[in-house]
Number of protein chains: 2
Amino acid sequence: MYPHLRDATIVYLNGKLLPLAEARLSPLDHGFLYGYSLFETMRAYGGRFFRQERHLARLAASARALGMACPDANTLRAAVSDTLEANGLKEARLRLTLSPGEAEAVPNPRAYGTPTLLVQAQPYTPPAEADYALGYRGHISAVPIFSRSPEAGHKTSHYLPYILGRREALAAGANEALFCNEKGALAEGGTTNLFLVAGAVLSTPALGSGPLPGVTREAILELATSLGLKAEEREIYPQELAQAEEAFLCNSVLEVMALTAVNGKALGPGQEGPLTQRLRRGYRALVARETASP
Amino acid sequence: MYPHLRDATIVYLNGKLLPLAEARLSPLDHGFLYGYSLFETMRAYGGRFFRQERHLARLAASARALGMACPDANTLRAAVSDTLEANGLKEARLRLTLSPGEAEAVPNPRAYGTPTLLVQAQPYTPPAEADYALGYRGHISAVPIFSRSPEAGHKTSHYLPYILGRREALAAGANEALFCNEKGALAEGGTTNLFLVAGAVLSTPALGSGPLPGVTREAILELATSLGLKAEEREIYPQELAQAEEAFLCNSVLEVMALTAVNGKALGPGQEGPLTQRLRRGYRALVARETASP
C-alpha cells in the first residue's frame with residue numbers, strides 16, 4: 001500500500017533501529033496528543049546529506065524557542081546516518097521527528113519524560129528532466145496561514161492548513177498549494193518555498209510573511225548573489241504572479257521546480273524559464289560540490 | 001511518575017482494550033507526523049457522561065469539516081463506556097482522540113489507512129468547595145491565536161499556542177492562560193471558555209473570535225437564559241476584565257471555576273462572586289439531573 005514504507009523498513013526510534021512494525025509510539029506522546037513536535041526533511045545524495053548541519057541547527061534553535069529538549073548534534077547525526085545505512089539507502093528522503101515525549105494526558109508544559117526522536121528513510125527518485133521542464137501547477141489556497149503564529153518560522157507538525165490546502169489544490173488539478181497569510185500576502189507553498197523572477201530580480205516572501213526559513217531557500221538566495229542576480233526578500237501579493245516572468249518552488253527534496261501555472265493560468269512561458277533552469281542547475285552543482293566525497 | 005497513567009492503565013485503541021504499555025501508535029500515524037487529529041474530553045459522573053451526544057456530534061462534525069473519516073456514534077459510545085468499565089472507574093476524565101491513521105510520510109491527503117481511535121480514562125477528583133471559592137488566577141498570553149485558522153472552532157491537537165501560553169501563565173503564578181486573537185479580542189482560556197458578568201448580563205467571546213464551541217459553554221448559555229439572565233456572545237477586549245463584576249472559566253471537566261485575578265490584579269470581588277456561584281451550582285444540578293439513572 002505504501003511501497004516505500006513496508007513493515008520491513010527500519011526506523012530509528014529513541015536510540016534503537018527496528019522494523020517499522022515493531023516501532024511503538026506511546027499514546028501519551030505529546031507529539032500525538034497535542035501536536036507538540038518538530039521535524040526536518042533531508043535528502044541523501046550518494047549517502048551524504050546536503051547542509052545537514054543547517055537542518056540540525058534549525059531543529060535545535062526551534063526546540064529551544066518552543067521549550068522542547070533536543071538531543072545533541074552527535075546523537076542526531078548518528079541517528080540519521082544509522083537509519084540510512086540500516087535501510088541500505090544512498091539516494092533517499094529522510095524525516096527526523098522530535099517531540100517532548102510522554103506526559104500526563106493534559107496539556108502540561110512542566111512534566112515531560114524523555115524526548116521522542118524518530119527517523120524514517122525512504123528511497124527517493126528525483127523527477128525526470130522532462131518533469132522539471134514541465135514544472136508544477138500551483139493553486140492559491142483559500143486557507144489562510146497566520147504569520148504571527150508561534151509556529152511561524154518553525155517546522156512543527158502543525159500541518160492541518162497545508163493538508164486542507166493541498167486537498168483543494170489536488171482537486172483543482174494542481175501539484176502544489178500556495179498559501180497567503182492573514183494580510184493576503186504570499187507566504188509559501190505547502191511543502192515548498194516560493195520564488196518569483198521579474199527583470200533580473202529574484203524575490204521570495206520575507207520571513208515576516210510567515211514562510212519556513214527553508215535550507216534550500218537560503219541556498220538559492222546565496223546562489224543568486226553568486227550568479228550576480230539581485231535577490232530580495234519582501235512582501236509579495238498574489239497579483240504579482242500574473243506579472244512574473246518566471247516563478248519556481250524549492251525544498252530540500254524536490255530541489256528547484258518551475259511553477260508554470262497558477263489557478264489554471266499559465267505563468268510566464270508556461271514551462272521552465274531560463275533563469276529557473278540556470279538556478280536549478282546551479283543548485284544541483286552546489287549540491288554535487290558539497291556532497292562530494294572528500 | 002504519572003500516577004493516573006501507569007502502564008497498567010487500560011486504553012482503548014482501534015477496537016481493543018489493552019494495557020497502556022502494549023498500546024502502539026504507528027510512527028506513520030498522521031496524527032503524530034502532521035498534527036492531523038481531533039479529540040474530545042469528557043467527564044464521567046457515577047459512570048455516566050454529561051451530554052456525551054454533544055461531544056460525539058461535535059467530533060463527527062469537525063471530522064467532516066476537516067476531511068477525516070469518523071467511526072459511527074455506536075462505536076464511539078462503546079469505546080468510551082468500555083474504557084471506563086475496563087479501568088473500574090465511575091468518576092473520571094476521559095479523552096477520545098481520532099486521527100486519519102497511517103499514510104506515507106508526506107502530507108498526502110488522499111491515501112489514509114484505517115482511522116486511529118484512542119480512548120484514555122483517568123480517575124478524577126473535582127476541586128474542593130474551598131478551591132472553587134478561591135477561583136483561578138488568569139494570565140493574558142502574549143501568544144496570539146488566529147480566529148480564521150481552519151482549526152478555529154474545532155478541537156484539534158493543534159495546542160502549541162496553548163502550551164506556550166500555559167507555560168508563561170504558570171511562570172507568572174497563574175492557573176490558566178487567556179488568549180486573544182489576531183485582532184486583540186479575547187477568545188478563550190487554554191483549556192476553558194471564558195465568561196464575564198457585568199450588570200445582570202453574562203457575556204462570552206462570540207464564536208467569530210475563535211473560541212472552541214464548548215459543550216459546557218453551551219450549557220451555561222442555556223442555564224443563564226433559564227435563570228432569567230441576559231447572555232451575550234460578542235467581541236470582548238481584555239480591558240473589559242478590569243471592569244467586570246465577576247468572571248469565570250468553564251469546561252467539561254472543571255465545570256465552572258471563578259476567575260478571580262488577571263495578570264496579578266484581583267478581578268471583581270477577588271473570590272468567587274454570587275452569580276458565578278449560582279451558575280456553578282445550577283450547572284452541577286443540571287449535570288445531576290441529566291446523569292441520574294433513569
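Chain naming here is simple, since letters A, B, ... match the order of the sequence lines and numbering starts at 1 in each. Scope of the values below: all heavy atoms of this structure, side chains included, with no hydrogens, waters or symmetry mates.
- Classification of the A:H158-B:H158 ring pair by plane angle, with boundaries at 30° and 60°, yields parallel.
- Side-chain contact between A:F32 and B:D29: present, with at least one pair of heavy atoms (C-beta onward) separated by less than 4.5 Å.
- Residue B:E182 holds its CD atom at 10.5 Å from OG of A:S147, rounded to the nearest 0.5 Å.
- Heavy atoms of B:T41 lying under 4.5 Å from chain A are absent altogether.
- Annotation: maximal heavy-atom pairing with chain A below 4.5 Å, among B:T156, B:V253, B:I145, occurs at B:I145.
- For the pair B:E22 and A:R24, the minimum side-chain heavy-atom distance is 4.5 Å or more.
- Cation-pi check for B:R95 over A:Y34 is met; the charged atom lies under 6.0 angstrom from the ring centroid and within 45 degrees of its normal.
- Residue A:L66 comes nearest to B:R167 through the heavy atom pair O-NH1, 3.3 Å, listed as atom of the first residue, atom of the second, then distance.
- If you tally non-hydrogen atom pairs under 4.5 Å between each of A:T97, A:V143, A:L160, A:L33 and chain B, the highest count goes to A:L33.
- Nearest heavy atoms, B:S26 versus A:L25: O-CD1, 3.6 Å.
- If you tally non-hydrogen atom pairs under 4.5 Å between each of B:G190, B:S149, B:G35, B:P144 and chain A, the highest count goes to B:P144.
- Both the backbone and the side chain of A:R148 come within contact range of chain B, each with at least one heavy atom under 4.5 Å from a heavy atom of that chain.
- Enclosure of atom CD in B:E85 is not indicated, since only 12 or fewer non-hydrogen atoms of other residues, nucleotides or ligands lie within 6.0 angstrom.
- A distance of 4.5 Å separates CG of B:L28 from CG of A:L20, quoted to the nearest 0.5 Å.
- Neither the backbone nor the side chain of B:L13 has a heavy atom closer than 4.5 Å to any heavy atom of chain A.
- The minimum heavy-atom distance linking B:P27 with A:A23 is given by the pair CD-O, 3.4 Å.
- Using a 4.5 Å cut-off between heavy atoms, B:F146 contacts chain A through both its backbone and its side chain.
- Using a 4.5 Å cut-off between heavy atoms, B:L118 touches chain A through its side chain atoms alone.
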